[in-house]
Amino acid sequence: MNLLKTLAQWYFTKKAMPYWMVLIFDCVVVLFSNLLVYALYHGVTATAVSFWLLMGTLVVYLIPYLIGFRLMRTYSGVMRYSSFVDLYRVAGANVIAIMLVELIRVVGNSDRWLVPLELTDLMFSCLLSTMLMFAARIIIKYLFDLIREERAQRRVFIYGTKEGGMALAKSIRMETPPRFHLSGFLSDSEDMPGHMLQGVQVFPNDEHIVEKMKRQHATVLLVSPLKAERFMANSAMSERLLDAGISIYTVQQAQLWDGKSDISTSQLREVEIEDLLPREEIQVDLEAVEKLLRGRRILITGSAGSIGSEMVRQIAKWEPSQLILVDQAETPQHDIRLMMARDFAGIKVEAVVTSIANQKSMERLFAQYRPEYVFHAAAYKHVPMMEDNPSEAVQNNVAGTRILADLAVKYGVCKFVMISTDKAVNPTNVMGCSKRICEIYVQSLDKAIKDGKITGTTQFVTTRFGNVLGSNGSVIPLFREQIRNGGPVTVTHPDIIRFFMLIPEACKLVLEAGTMGNGGEIFVFDMGKPVKIADLARRMIQLSGAKNVQIKFTGLRDGEKLYEEVLGDEELTKPTFNRKIKIAQVREYDYAEVKQWLDQLIAISYDFDNMRTVKKMKEIVPEYRSQNSIYQQLDQ
């Protein structure tokens, strides 16, 4: 037995047998079957006496079998991966062969010049050779699966029993070297549990799935691409699995699978925290957005950042006539230029390294390229950094936005879309307050245009949302790095919560809201359910499989609050064209008054007196109340 196992392991480490070896094997089976049947019918002695003449006859009759093998291509399959299709080909080839043999006997009267063989002899030998060919393929496949089972690193269940689940099962069987061994299926259907698929049992998807998987020693769940969306929405199921130490894999870009093509195991990836955060699918009318932006000259600030770069990618698909990309980060901006040259070579691109607060540089860009749409994503965004550098926050966020907005009016931009933040609502930090001042300025400018106080046609739209998953400086990349380093994972407070959205989803909403707005609106996005950051950290530690990684609570940072809002205390909302987008009804400001405030604020900021700068910001935004900050004394 050990020798057989050793030989089998040696054989399965080699490449598949060449087609000519499979063909020779099948021919030998045919000859053996005919000899055996002849010996059973006519006796061993008669067979031995006429052996060579009989062999000549069988070689002649082997020609029809070769024709059948050629027509059905029985030798082209890999025996270790044999399937029902391969067995069907073998049966078909032998049926063709026996029909041709009988044709030779009847038409060619072959019994006169060959050893006479009865039709029953030929039929039984054909049946026997078919069964032996079947058996050889099944045995080789069975031995191969046994060896693979021993070599496979992990036992798995597959969630889904339809096309997606079957494609996953097939990919597991074909993988070399094997990573997974299939131990069971999970099904939501009432009629599937208890049945067998691919030689393993189908279990119901219920609250006992962990116990069932453990009984089968399974440590991985593979999610069918057809079940991916349902699984991601079932947080209770994923929590049970992760709490039990079971890894979860799904197919990359499962939503793009066509339901017909094969799935490669290389497409499998372990589920990440972004997949498991609770959120609803976002539907956006991108066709309407495309009609507005196709063939336009579009300026995007902050083009090298998380949001800005995604805006570039999404807008580039609609073939604008020109993209003017602005960012002061040299290396990331260079990467964006390379990406555009590689993926969107047909689009005219001007990638500029400069600051939005540079008046002369911005004036030159607007005068030279005359953008029709502006998407303003550039800003200093990190709360602790801006808490320490309020003058820089004013000079970049506030002054930079005013420069862009004024130039948009001067050069006849159709629409100016400013990307704001939920931290602008009842701000507790410098960064949030700076963005609220930007909102106030562009809204007041839009109103002044509509009231005829300022000559212009530009519509100003503001979009406001919370944290985006995977953005530069967000908690998820930070937590991943801390887990990689063995911890601890630092969370500021046990009860701190945040809203999260995927970068592509946020950008789609920005594009729809920005282009569909009529000017003057502040669009707020439905961010779904808030997530407790401590729970997020725990889940990421579980997903990583890391052991003994601790969570350390460090206390709220300067300017940080426990929860973010998307509306102020006195703000109400109105519905829009998209249920995930609402319009905030906010206080309106007189442009002349706001302009005077900003003149004073920006002038003060160049003295770099932090207290004076923040004091002026609080005068402009009375609801700004500092938290965990040295500027709390200004609220006394």
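All residue numbers refer to positions in the sequence shown, counting from 1.
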Could you please spell out the steps behind the salt bridge (Lys or Arg N to Asp or Glu O under 4.0 Å) verdict for Glu481 and Arg484? CA-CA 5 Å; Glu481 182 66 23; Arg484 237 185 334 260; 2.8 Å; yes
Are side-chain heavy atoms of Phe523 and Val510 found at a separation under 4.5 Å? no
Nearest 0.5 Å, please: how far is SG in Cys507 from CD1 in Ile307? 4.5 Å
Does atom CG (Asn548) have a neighbourhood of more than 12 heavy atoms from anything else shown, all under 6.0 Å? no
Checking Gln482 side chain against Thr490 main chain: does a donor-acceptor pair fall under 3.5 Å? yes
If you compare all heavy atoms of Arg240 against all heavy atoms of Asp206, which two are closest, and at what distance to 0.1 Å? NH2-O, 3.6 Å
Heavy-atom check, side chain of Lys508 versus side chain of Val289, under 4.5 Å: no
Once you round to the nearest 0.5 Å, how far does CG of Asp335 lie from CE of Met340? 14.0 Å
Can you tell me if Glu211 has over 12 outside heavy atoms packed within less than 6.0 Å of its CD? yes
Do Arg155 and Gln216 have side-chain heavy atoms sitting under 4.5 Å apart? no
Would Gln550 and Val489 count as a side chain to side chain contact (heavy atoms under 4.5 Å, CB included) if you check the C-alpha gap in whole Å, the side-chain angles of each, and the deciding distance to 0.1 Å? CA-CA 6 Å; Gln550 302 298 317; Val489 174; over 6 Å; no
If you draw a 6.0 Å radius around CE in Met339, do more than 12 non-hydrogen atoms from other residues or ligands fall strictly inside? yes
Side-chain heavy-atom pair Met213, Leu241 within 4.5 angstrom cut-off: yes
Would you find more than 12 non-hydrogen atoms of other residues, nucleotides or ligands less than 6.0 Å from Phe32 atom CZ? no
Side chain to side chain, Val220 and Ile246, heavy atoms closer than 4.5 Å: no
What's the verdict on side chain to side chain contact (heavy atoms under 4.5 Å, CB included) for Thr219 and Lys214, showing C-alpha distance, side-chain angles and the deciding distance? CA-CA 7 Å; Thr219 59; Lys214 285 188 173 180; over 6 Å; no
Value for NZ (Lys552) from OG1 (Thr492), rounded to nearest 0.5 Å, stands at 13.0 Å
Does the side chain of Thr250 come within less than 4.5 Å of Leu222's, by heavy atoms? no
Would you say the side chain of Leu197 lies within less than 4.5 Å of the side chain of Met166, judging by non-hydrogen atoms? yes
Nearest 0.5 Å, what's the CZ-CD1 distance between Phe344 and Ile315? 11.0 Å
Is it true that Phe185 and Tyr159 have ring centroids separated by less than 6.0 Å? no
Working to the nearest 0.5 angstrom, can you tell me the gap between Lys212 NZ and Gln201 CD? 9.0 Å
Apply the test side chain to side chain contact (heavy atoms under 4.5 Å, CB included) to residues Val491 and Thr554: give CA-CA distance (whole Å), side-chain angles for both, the deciding distance (0.1 Å), then the verdict. CA-CA 6 Å; Val491 179; Thr554 58; over 6 Å; no
Without swapping roles, check the side chain of Ser189 against the backbone of Asp191 for a donor-acceptor pair under 3.5 Å. no
Which atom names give the shortest non-hydrogen contact between Ala537 and Ile551, and what distance separates them? CB-CD1, 3.9 Å
Under a 4.0 Å threshold between the charged nitrogen and the carboxylate oxygen, would Lys532 count as salt-bridged to Asp495? yes
Validation row: Val549, Arg538 side chains within 4.5 angstrom (heavy atoms): no
Say you draw a straight line from CG of Asn205 to CE of Met192; how long is it, rounded to the nearest 0.5 Å? 13.5 Å
Nearest non-hydrogen partners of His493 and Phe553, listed with the distance: C-CD2, 3.7 Å
Between His208 and Pro204 (side chain of the first, backbone of the second, donor and acceptor by atom type, cut-off under 3.5 Å), is there such a pair? no
What one should report as the nearest heavy-atom pair of Phe157 and Ala218 is CD1-CB, 3.6 Å
Let's go through Phe124 and Leu36 carefully: what are the C-alpha distance in whole Å and the side-chain angles of both, what is the deciding distance for side chain to side chain contact (heavy atoms under 4.5 Å, CB included) to 0.1 Å, and is it a yes or a no? CA-CA 10 Å; Phe124 274 112; Leu36 180 61; over 6 Å; no
Which pair of non-hydrogen atoms, one from Val223 and one from Ile248, has the smallest distance, and what is that distance? CG2-CG2, 3.8 Å
Asp343/Arg313 salt bridge by N-O under 4.0 Å criterion: no
Determine the minimum heavy-atom distance between Ile158 and Ala169, stating which atoms define it. CD1-N, 3.5 Å
